[in-house]
Amino acid sequence: MQKKQIHCIFLVLNEFFIFSEMKLSDLTSYKNIVLQVHDIPDADTVSCAWVLQKYFEKYNCKAKIVYGGKIKITKPSLLMFIEAMGIELQMVHELPPADLLITVDCQYGASNVENFPCKKFAVIDHHVSEIQENDFCEINSALGSCATLIHSMLLRENNIAEFLRNEKISTALYYGLYNDTNGLAEIRHPLDRDLAEAYYDKALIKKLKNANLTMPELSIVSSSLKKCEIVENIGLFKAEPCDPNILGFSSDIAMQVDSLEACVVFSNVNDGVKLSIRSCSREIMANELASFLCEGFGGGGGNLEKAGGFLKNSEEYLISRLKEYLAAFDKIYAGKTKVDFASAQRYKKLQVPVGFAKCEDLFQSGTKITIRTLEGDVDRIAEDNIYFMIGVEGEVYPILREKFEKNYIALNDEYQEVFDYPPAIINRATGRKQAISRFAKVCFANGEKVVRAKQVEKRTKVFTYWDTEKYYSGKPGDFLVANENDLGDCYIVNERIFHKTYELM
């Protein structure tokens, strides 16, 4: 990359994305702005453009919202949303005069957005990058919606609290996320989950949720459920090209079939296959299945029961990948599955500083809590004898006080590591979120913790002592680890993290 004033930085986390340090306030020097949403607009692109318009108006910037293409908006719920918010959105065939064009939920020059000549452009989007370097871009494909990206950008600005407390603003961002993640089923990043808990106009959202289906779309749902291909215990349904929410509606119905443990409803789109996935089996996490099916050719995410994704490949590839998934995993149930750890090598915990926080310092015993990290959400009941460990890459896991006192040396130093997403704990009753780091101290392994460990040769699902309803997945190369004093107490450790925290004895 040549040295110049570029605000695009490449990072690698769970998937490739561009993350920039561009601030919205950087753009307020342009007083005549056009916000362009993608052709055939949806709720995410429209809501984001409108929120940006209101933000720029705070700085006396004129901002118009436009879209190109040949198809006018007809979706009932989107038209209702536009009217309820008072959004002025114009379909144009040439760009109005502007000092700056900002493409929202799309990228300048991409195939899904009319390419208007302009003096200068900026990009705010959550899809995989399709553009060359430019002076202003904020692209993060790890997020489930552009609304999430706008929300996170706003939080980086000064004096923004009152703006975000505005009910219309928070409702618009919530609705953008809701629609682009198939009714929140495809949320895959903690920033998505943060926005999902924002305050919103429940009455309006309820109306919008129930205005998504036209009679032609009802026909699509009906025809998609008539024919099903069964792949072991997973149902595969094909729908005509339609709005992603229609796929979600169809998969919700399909999942009611008593003989199915999971289902995949899909439709072919211009450059791939759109998926909606449901699961009622603890052995099949919907979000993991979505990620597996789309791995290397798109992306997928969601939660344990509902997920979705986009696969840049063929219908035939989808079917072969689904069959591969069913044969890909070993399953281990801690304390029940017999695993040969006797031949596994012995390792001891390294003297690497990690963090810990006492549950009793954060919550009263019995409080229902959610631990929020990059790896996902974990629900727990607060207990005084539980500590929360913070690993070398921000991973969080619980440990009993007696095990902690036996295996770690606690210091009184504050734990101050910085992670891409600081792990937090949420009180599920109040919705209040607080960072674990506020209460975290430093600790070291005391050298007495010895484990048996071996690398797995195929994908593996492990149900731990801590969670018998949710498994933790390992890929080839990751380590299956067991406490030497209790070989039934086994779990998966990422290969990279294992080498940072254990050494061979």
Inset, instruction - In sequence, state the C-alpha distance, the side-chain angles, and the governing distance for Asp489 and Lys403, and then conclude on salt bridge (charged side-chain N to carboxylate O under 4.0 Å, His left out). - result: CA-CA 12 Å; Asp489 183 9; Lys403 284 192 175 183; 3.0 Å; yes
Inset, instruction - For the pair Val339 and Leu480, evaluate side chain to side chain contact (heavy atoms under 4.5 Å, CB included) and give the outcome as yes or no after the intermediate values. - result: CA-CA 10 Å; Val339 180; Leu480 180 62; 3.9 Å; yes
Inset, instruction - Report the C-alpha separation of His127 and Asp105 in whole Å, then their side-chain angles, then the decisive distance to 0.1 Å, and conclude whether the side chain to side chain contact (heavy atoms under 4.5 Å, CB included) test is met. - result: CA-CA 8 Å; His127 298 98; Asp105 195 34; 3.3 Å; yes
Legend entry - Test log, rule salt bridge (charged side-chain N to carboxylate O under 4.0 Å, His left out), inputs Lys306 and Asp252: CA-CA 9 Å; Lys306 296 184 177 184; Asp252 284 337; 3.8 Å; yes
Inset, instruction - With side chain to side chain contact (heavy atoms under 4.5 Å, CB included) as the test, would you mind laying out the steps for Met85 and Leu204 before giving the verdict? - result: CA-CA 10 Å; Met85 291 292 171; Leu204 175 60; 3.9 Å; yes
Inset, instruction - Could you check Phe356 against Tyr408 for ring pair (Phe, Tyr, Trp, His ring centres under 6.0 Å), going step by step and ending with a plain yes or no? - result: CA-CA 10 Å; Phe356 79 98; Tyr408 292 91; 8.4 Å; no
Inset, instruction - Tell me, with the steps shown, if Ile332 and Tyr472 meet side chain to side chain contact (heavy atoms under 4.5 Å, CB included). - result: CA-CA 10 Å; Ile332 296 174; Tyr472 294 83; over 6 Å; no
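How far CG of Asn407 is from NZ of Lys348: 13.5 Å, rounded to the nearest 0.5 Å. The distance from atom CG of Leu400 to atom OH of Tyr465, rounded to the nearest 0.5 Å, is 12.0 Å. With rounding to the nearest 0.5 angstrom, the OG1 atom of Thr464 is 10.5 Å from the OH atom of Tyr491. Put simply, CZ on Arg452 and OG on Ser343 are 8.5 Å apart, with the number rounded to the nearest 0.5 Å. In this structure, CG in Leu311 is found 10.5 Å from CZ in Phe266, a value given to the nearest 0.5 Å. Leu195 CG to Ser152 OG: the interatomic distance, rounded to the nearest 0.5 Å, is 9.5 Å.
The side-chain heavy atoms of Ile124 and Leu149, taken from C-beta on, include a pair separated by under 4.5 Å. By the 4.5 Å heavy-atom criterion applied to side chains, Cys359 and Phe388 are counted as neighbours. Within the 4.5 Å cutoff, side-chain heavy atoms of Val354 are placed close to those of Cys443. Between Arg459 and Asp330, every side-chain heavy-atom pair lies at or beyond the 4.5 Å cut-off. Proximity of Ile284 to Asn233: side-chain heavy atoms (C-beta onward) are separated by under 4.5 Å at one or more points. Residues His151 and Leu191 are not in side-chain contact: their nearest non-hydrogen atoms beyond the backbone lie 4.5 Å or more apart. Taking 4.5 Å as the limit, some side-chain heavy atom of Ile230 sits within range of a side-chain heavy atom of Leu260. The shortest side-chain heavy-atom distance between Val451 and Glu484 does not fall under the 4.5 Å cut-off.
Surrounding CG of Asp340 are more than 12 heavy atoms belonging to other residues, nucleotides or ligands, all under 6.0 Å away. When the shell of 6.0 Å around CZ of Phe249 is examined, it contains 12 or fewer heavy atoms from other residues, nucleotides or ligands. Heavy atoms of other residues, nucleotides or ligands lying less than 6.0 angstrom from CD of Glu305 number 12 at most. Atom CD of Gln351 is surrounded by more than 12 heavy atoms from other residues, nucleotides or ligands within 6.0 Å. The neighbour count for Lys458 NZ, taken as heavy atoms of other residues, nucleotides or ligands under 6.0 Å away, is above 12. Within a 6.0 Å sphere centred on NZ of Lys449, other residues, nucleotides and ligands contribute more than 12 heavy atoms. Within a 6.0 Å radius of NZ in Lys406, other residues, nucleotides and ligands contribute 12 heavy atoms or fewer.
In this structure, the side chain of Arg156 engages the main chain of Met22 through a donor-acceptor pair within 3.5 Å. Between the side chain of Glu157 and the backbone N or O of Leu24, at least one donor-acceptor pair lies under 3.5 Å. Side-chain atoms of Asn166 never come within 3.5 Å of backbone atoms of Glu162 as a donor-acceptor pair (strictly under, hydrogens ignored). In this structure, Asp44 contributes its side chain and Cys146 its backbone to a donor-acceptor pair below 3.5 Å. Counting only distance, with no hydrogens or angles, the side chain of Asp478 and the backbone of Asn494 share no donor-acceptor pair below 3.5 Å. A distance-only check finds no donor-acceptor pair linking the side chain of Ser145 to the backbone of Gly176 [under 3.5 Å]. Looking only at distances, no side-chain donor or acceptor of Arg346 sits under 3.5 Å from a matching main-chain atom of Met505. Looking at Glu360, its side chain never comes within 3.5 Å of a backbone N or O of Lys358 through a donor-acceptor pair. With Thr45 contributing its side chain and Val104 its backbone, the two residues share a donor-acceptor pair below 3.5 Å.
For the pair Lys58 and Phe56, the cation-pi test (distance below 6.0 Å, angle within 45°) is failed. Geometric assessment of Arg321 against the ring of Phe292 yields a positive cation-pi assignment under the 6.0 Å and 45° thresholds.
Side chains of Asp180 and His126: a donor-acceptor N/O pair is present below 3.5 angstrom, by distance only. Thr148 and Asp192 share a donor-acceptor pair across their side chains, judged by distance under 3.5 Å alone. For the residue pair Glu283 / Tyr471, no side-chain donor-acceptor distance below 3.5 Å is found, with atom types taken as modelled.
Considering all non-hydrogen atoms of both residues, Glu261 and Met255 come closest at C-CE, 3.7 Å. For Phe363 against Ile426, the heavy-atom pair with the smallest separation is CZ-C, 4.5 Å. Scanning all heavy atoms of the two residues, the minimum distance from Tyr174 to Ala196 falls at CE1-O, 3.4 Å. The shortest non-hydrogen separation linking Leu247 to Ser267 is CD1-OG, 3.8 Å. Across all their heavy atoms, Val265 and Ala239 have their closest contact at CG1-CB, 4.4 Å. Closest non-hydrogen pair, Lys475 versus Val456, comes out as O-CG2, 3.3 Å.
Two rings, from Tyr347 and Tyr502, have their centers 6.0 Å or more apart. If you look at Phe81 and Tyr175, their ring centroids are closer than 6.0 Å.
In this structure, His499 and Phe479 have perpendicular ring planes: the angle between them is above 60°, well past the 30° mark.
In summary, Asp26 and Lys23 do not engage in a salt bridge, as defined by a charged side-chain N under 4.0 Å from a carboxylate O.
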